Q: 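Handing you this structure, nothing more for now.
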Amino acid sequence: MIGLEIRNLWKKMGPNQALSGVGFRVSPGHLCGLIGPEGAGKTTLLRVLAGLLKPNEGEVSYLLNGEIRSFESIRADIAYMPERQSLYPDLSVAEHMDFFKELYQVDESTYLTRRKELLHITRLTEFEDRPAGKLSGGMYKKLGLMCALLRSPKLLLLDEPTNGVDPISRREFWDLLYRLVHQGITVLVSTAYMDEAERCGQVQLLQDGKLLAEGEPREILLAESVDSFDAFYLKKGAEV
């Protein structure tokens with residue numbers, strides 16, 4: 001299993017200071033939430049962790065079974081799902097699976113087993129022939145997740161996967177994430193939905209590129225004497 005140690009990350013994006021000294025740890029095999037309103041720095045942080053951006057200062061250590069590994073050595077074990085996914089509207093669910101199988105160079109035997117499992121847990125088996133452009137918002141997100149999982153990652157980075165999804169599909173998506181964690185996958189998910197913070201095992205609360213608090217959700221609420229994360233951010237003077 002993969003864990004993370006993030007130390008003093010600073011990143012400037014144009015005139016904006018997107019990250020200002022952010023640091024925390026992600027325990028292996030846990031579901032960790034990056035929580036914060038728009039502009040908090042969540043996407044920038046995930047892109048740094050995925051190797052798509054380099055920080056101006058600070059560093060990220062990737063730990064595989066407790067041992068520090070280089071990013072290059074575990075790159076294939078990391079899957080990143082951006083908020084705006086690059087799926088092809090004219091390709092069906094099945095055709096997307098075949099495409100990503102070739103992209104990730106998954107062998108045929110592994111692919112057939114993984115494909116069947118992923119279609120089952122996402123409940124997309126009956127929609128294999130449906131084009132991505134005709135899927136509901138929730139099903140579209142599940143297809144994106146399924147494509148990311150095809151390479152059997154040990155670390156899954158998800159950028160606001162439930163944004164714009166109806167409440168029922170949001171709940172199903174979180175149930176799916178719990179199943180992945182039970183399989184030993186470390187999941188780091190960002191969200192601006194404050195109610196989703198309490199679904200995580202640990203959270204990092206961001207605002208304007210700074211880390212406001214981190215830890216187990218209920219412990220943070222108790223320490224701040226608030227009953228919700230909406231109230232937490234209002235107390236800190238942020239818009240949610």
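Just so you know, these numbers use all the heavy atoms, side chains as well, and skip hydrogens, waters and symmetry mates. For this chain, numbers begin at 1 and follow the sequence in order. Since the model is a prediction, treat every value here as computed from it, not as a measurement.
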Q: Could you pull out the closest heavy-atom pair between Leu206 and Pro37, with the gap in Å?
A: O-CD, 3.8 Å
Q: Flag the pair Tyr140 / Val165 as yes when at least one side-chain heavy-atom distance between them is below 4.5 Å, and no otherwise.
A: no
Q: Could you grab the distance from atom CD of Glu214 to atom CD1 of Ile35, nearest 0.5 Å is fine?
A: 13.0 Å
Q: Ignoring hydrogens, what is the shortest heavy-atom contact between Leu211 and Gly23? Give both atom names and the distance.
A: CD2-O, 3.3 Å
Q: Are Glu172 and Arg123 close enough for a salt bridge, meaning some N to O gap below 4.0 Å?
A: yes
Q: Taking it one step at a time, do Ser61 and Arg7 satisfy side-chain hydrogen bond (donor to acceptor under 3.5 Å, both in side chains)?
A: CA-CA 8 Å; Ser61 294; Arg7 293 182 291 277; 2.7 Å; yes
Q: Can you see which heavy atom on Leu119 is nearest to which on Thr125, and at what distance?
A: O-OG1, 3.3 Å
Q: Between Arg69 and Glu67, is there a side-chain N and carboxylate O pair less than 4.0 Å apart?
A: yes
Q: From Leu112 CG over to Met97 CE, what is the distance, rounded to the nearest 0.5 angstrom?
A: 10.0 Å
Q: Please report the shortest heavy-atom distance between Met146 and Val93, naming the atom on each side.
A: CE-CG1, 3.7 Å
Q: Between Thr113 and Ser109, is there a donor-acceptor pair closer than 3.5 Å when you use the side chain of the first and the backbone of the second?
A: yes
Q: Taking atom CD of Gln105 as the centre, does the number of heavy atoms from other residues, nucleotides or ligands within less than 6.0 Å exceed 12?
A: no
Q: Does Glu108 have more than 12 heavy atoms from other residues, nucleotides or ligands lying within 6.0 Å of its CD?
A: yes
Q: Tell me, with the steps shown, if Leu64 and Lys154 meet side-chain contact (heavy atoms from CB on, under 4.5 Å).
A: CA-CA 9 Å; Leu64 180 61; Lys154 294 183 176 69; 3.9 Å; yes
Q: Test your reading of the model: is there a side-chain donor-acceptor pair from Thr110 to the backbone of Val106, 3.5 Å cut-off?
A: no
Q: Show, in sequence, the C-alpha distance, side-chain angles and deciding distance for Ser152 and Arg114, and conclude whether the side-chain contact (heavy atoms from CB on, under 4.5 Å) test is met.
A: CA-CA 8 Å; Ser152 300; Arg114 193 70 174 147; 3.4 Å; yes
Q: Measuring only between side-chain heavy atoms, which start at C-beta, is Pro131 closer than 4.5 Å to Asp90?
A: no
Q: If you look at every heavy atom in Val22 and Gly209, which pair is closest and at what distance?
A: CG2-O, 3.2 Å
Q: Does atom CG (Asp107) have a neighbourhood of more than 12 heavy atoms from anything else shown, all under 6.0 Å?
A: yes
Q: Is any side-chain heavy atom of Leu53 closer than 4.5 Å to one of Met13?
A: yes
Q: Side-chain heavy atoms under 4.5 angstrom apart, residues restricted to Ile, Leu, Val, Met, Phe, Trp, Tyr: same cluster for Leu155 and Leu34?
A: yes
Q: Assess whether atom OH of Tyr178 is packed by more than 12 heavy atoms of other residues, nucleotides or ligands within 6.0 Å.
A: yes
Q: Go through Asp227 and Leu221 one step at a time and tell me if the side-chain contact (heavy atoms from CB on, under 4.5 Å) criterion holds.
A: CA-CA 6 Å; Asp227 58 7; Leu221 295 179; over 6 Å; no
Q: Between atom CG of Leu188 and atom CG of Leu45, what is the distance when rounded to the nearest 0.5 Å?
A: 7.0 Å
Q: Taking the six-membered ring of Tyr193 (Phe, Tyr or Trp), confirm whether the NZ or CZ of Arg170 is under 6.0 Å from its centre and within 45° of its axis.
A: yes
Q: Is it the case that the side chains of Tyr111 and Asp98 hold a donor-acceptor pair, with the cut-off being a distance below 3.5 Å and no angle test?
A: yes
Q: Any donor-acceptor pair under 3.5 Å linking the side-chain atoms of Glu83 with those of Asn163?
A: yes
Q: So does Pro28 get a backbone contact from the side chain of Thr186, meaning a donor-acceptor N/O pair under 3.5 Å?
A: no
Q: Could you walk me through whether Cys32 and Gln204 pass side-chain contact (heavy atoms from CB on, under 4.5 Å), step by step?
A: CA-CA 8 Å; Cys32 176; Gln204 280 71 41; 2.6 Å; yes
Q: Going only through I, L, V, M, F, W and Y residues with side-chain contacts under 4.5 Å, is there a path from Leu103 to Leu156?
A: yes
Q: May I ask you to decide whether Arg115 forms a salt bridge with Glu117, counting only side-chain N to carboxylate O separations under 4.0 Å?
A: no
Q: Report yes if some heavy atom in the side chain of Leu87 is under 4.5 Å from a heavy atom in the side chain of Leu143; otherwise report no.
A: yes
Q: For the residue pair Leu145 and Thr122, establish whether any side-chain heavy-atom pair is separated by less than 4.5 Å.
A: no
Q: Mind listing the closest non-hydrogen atom pair of Ala50 and Phe71 along with its distance?
A: O-CZ, 3.3 Å
Q: Is Glu224 reaching over with its side chain to a backbone N or O of Val226, donor-acceptor style, under 3.5 angstrom?
A: no
Q: Say whether, by atom type as modelled, one donor and one acceptor occur between the side chain of Asp166 and the main chain of Ile168 under 3.5 angstrom.
A: yes
Q: Given 3.5 Å as the limit, does a donor-acceptor pair link the side chain of Gln183 with the main chain of Ile185, or not?
A: no
Q: With the side chain counted from C-beta on, respond yes when Met81 and Leu157 share a heavy-atom pair under 4.5 Å apart, and no when they do not.
A: no
Q: First locate atom CZ of Phe173, then atom NZ of Lys142, and finally report the distance between them rounded to the nearest 0.5 Å.
A: 9.0 Å
Q: Find out if a path of hydrophobic residues (ILVMFWY) with successive side-chain heavy-atom gaps under 4.5 Å connects Ile2 to Leu63.
A: no
Q: Are any side-chain N or O atoms of Tyr62 and backbone N or O atoms of Ser73, one a donor and one an acceptor, separated by less than 3.5 Å?
A: no
Q: Applying a strict under-4.5 Å side-chain criterion to I, L, V, M, F, W and Y, I'd like to know whether Phe99 and Tyr80 cluster together.
A: no
Q: Will you find, in the side chains of Ser190 and Asp159, an N or O donor that is under 3.5 Å from an N or O acceptor?
A: yes
Q: Do Pro217 and Phe229 have side chains that get closer than 4.5 Å, going by heavy atoms?
A: yes
Q: Quick one, Val60 and Leu49 - any side-chain contact, counting heavy atoms below 4.5 Å?
A: yes
Q: Got a second to check how far Leu158's CG is from Leu177's CG, nearest 0.5 Å?
A: 6.0 Å
Q: Please determine whether the number of non-hydrogen atoms from other residues, nucleotides or ligands lying under 6.0 Å from atom NZ of Lys11 exceeds 12.
A: yes
Q: Is there a donor-acceptor pair closer than 3.5 Å between any side-chain N or O of Gln202 and the backbone N or O of Arg25?
A: yes
Q: Are more than 12 heavy atoms, taken from residues, nucleotides or ligands other than Arg151, located less than 6.0 Å from that residue's CZ atom?
A: yes
Q: Could you give the distance from CH2 (Trp10) to NZ (Lys12), rounded to the nearest 0.5 Å?
A: 11.0 Å
Q: Regarding Glu196 and Thr162, is there a side-chain donor-to-acceptor distance under 3.5 Å anywhere?
A: yes
Q: Is it true that Leu212 and Leu46 fall in one hydrophobic cluster, defined by side-chain heavy atoms closer than 4.5 Å?
A: no
Q: Return yes if some donor-acceptor pair links the side-chain N/O of Lys54 with the main-chain N/O of Val48 below 3.5 Å, else return no.
A: no
Q: Any donor and acceptor pair, going by atom type alone, linking the side chain of His120 with main-chain N or O of Lys116 inside 3.5 Å?
A: no
